[in-house]
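Counting convention: from 1, in listed order, for ligands and their atoms alike. The basis for the numbers below is simple: all heavy atoms, side chains too, and nothing from hydrogens, waters or symmetry mates.
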Amino acid sequence: MKRCVLAIGISAAAAVFFFGCTNKAESPATQTAVEQKIVLRLAETHPIDYPTTKGDLEFARLVAERSNGRIKIEVYPDAQLGQEKEAIEQVQFGGIDFTRVSISPLASFASQFDALQLPYVFGSSDHEWKVLNGPIGDEMLASLEPAGFIGLSWFESGARNFYNTTHPIKSPDDLKGLRIRVQQSDLMVGMVNSLGAIAVPMAYGEVYSGLQTGLIEGAENNWPSYMSTGHYEVAKYYTLDEHTRVPEITIGSKISLGKLSAADRSLIMKAAKDSMPYQISQWSAYKKTAEDKVRAAGAVITPVPDKSAFRAAMSPVYEKQSTEVRELVKRIQDME
Ligand code: GTR
């Protein structure tokens with residue numbers, strides 16, 4: 001008797017679509033898979049036109065092209081699969097296969113990542129990329145495995161700046177007493193508290209309403225995020241203190257990727273790396289558009305030509321770091 005089976009399973013590892021017609025009389029060895037397609041999901045917090053999402057789509061395009069359409073990565077933008085911390089947890093448990101996140105919330109799962117988000121640890125974008133593209137970057141990606149992640153690639157994130165609803169911030173003293181939203185990271189809480197402000201860890205998607213309702217008075221982010229979230233509409237004082245350059249990262253689930261063949265895994269890992277130049281190329285144009293839009297909307301931009309007062313005020317954060325992080329910081333600083 002001939003029997004057709006359509007099995008669509010979203011396994012913990014991957015959504016695998018398998019269509020096969022089998023004859024009950026046949027031995028398993030003669031059963032043939034008509035088509036086997038692997039569908040994997042990637043969670044992204046930003047909108048579809050944001051540079052990181054474009055990088056994700058490039059990653060997916062390369063994987064599809066190089067597997068002749070056999071492996072499909074579905075990109076879910078706009079935090080459709082959850083906010084960053086939840087997306088990371090899902091990846092850890094294999095419920096989502098990949099996510100592109102800031103390393104800031106990831107550091108709660110792998111504390112060595114704090115070395116990359118300390119204030120002013122990178123002197124410039126060139127310094128940051130020298131570190132990420134060198135042995136430290138490779139070691140950091142590999143170091144995620146014990147936590148259940150496969151570190152895949154780095155994306156550009158620019159520098160983060162403080163903004164608020166009430167007044168221009170010209171010196172660290174101007175931040176005192178302000179409730180400032182930070183990413184869900186202990187280091188970020190410590191950094192903002194060291195300025196005499198009150199750190200409020202909160203998911204990215206809640207910041208706009210937080211600013212609007214007065215739950216918080218400020219936050220901090222790069223030009224592209226300040227613009228794409230519309231935060232500039234409700235918090236118009238933006239200070240160019242450039243306190244951090246927090247890399248963006250794409251991670252895969254060790255559980256999901258562990259279920260693929262070694263060849264498919266390396267195809268995916270190479271495609272992720274190869275998507276980096278495209279994302280970086282998208283960044284500068286988007287950043288310029290963001291800056292123009294924010295300025296045209298009447299935001300008050302405060303330049304900080306001498307950042308030493310901000311640097312000094314945030315330096316106590318370094319003292320709280322573990323030996324592992326301090327050693328990494330030393331190596332990072334030696335590369336400047
Ligand atoms: C952005 C980053 C996001 C998210 C956000 C935040 O710059 O690209 O992934 O981490 O910051 O502040 O939560």
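Screening residues 282-299 for side-chain hydrogen bond (donor to acceptor under 3.5 Å, both in side chains), with sequence neighbours left out, gives Lys54-Gln282, Lys288-Asp292, Glu291-Arg295.
As a member of the Ile/Leu/Val/Met/Phe/Trp/Tyr network built from side-chain separations under 4.5 Å, Tyr237 groups with Val300.
Ligand 1 is surrounded by Thr45, His46, Glu84, Arg100, Ser102, Arg160, Arg181, Gln183, Tyr204, Asn221, Asn222, Ser225, Glu248, each with at least one heavy atom closer than 4.0 Å.
A side-chain donor-acceptor contact under 3.5 Å links Glu217 to the backbone of Arg179. Looking at Glu336, its side chain never comes within 3.5 Å of a backbone N or O of His127 through a donor-acceptor pair.
Thr52 meets the side-chain hydrogen bond (donor to acceptor under 3.5 Å, both in side chains) test with Glu44; sequence neighbours excluded.
With Tyr120 as the aromatic partner, Arg311 meets the cation-pi criteria of under 6.0 angstrom to the ring centre and within 45 degrees of the ring axis.
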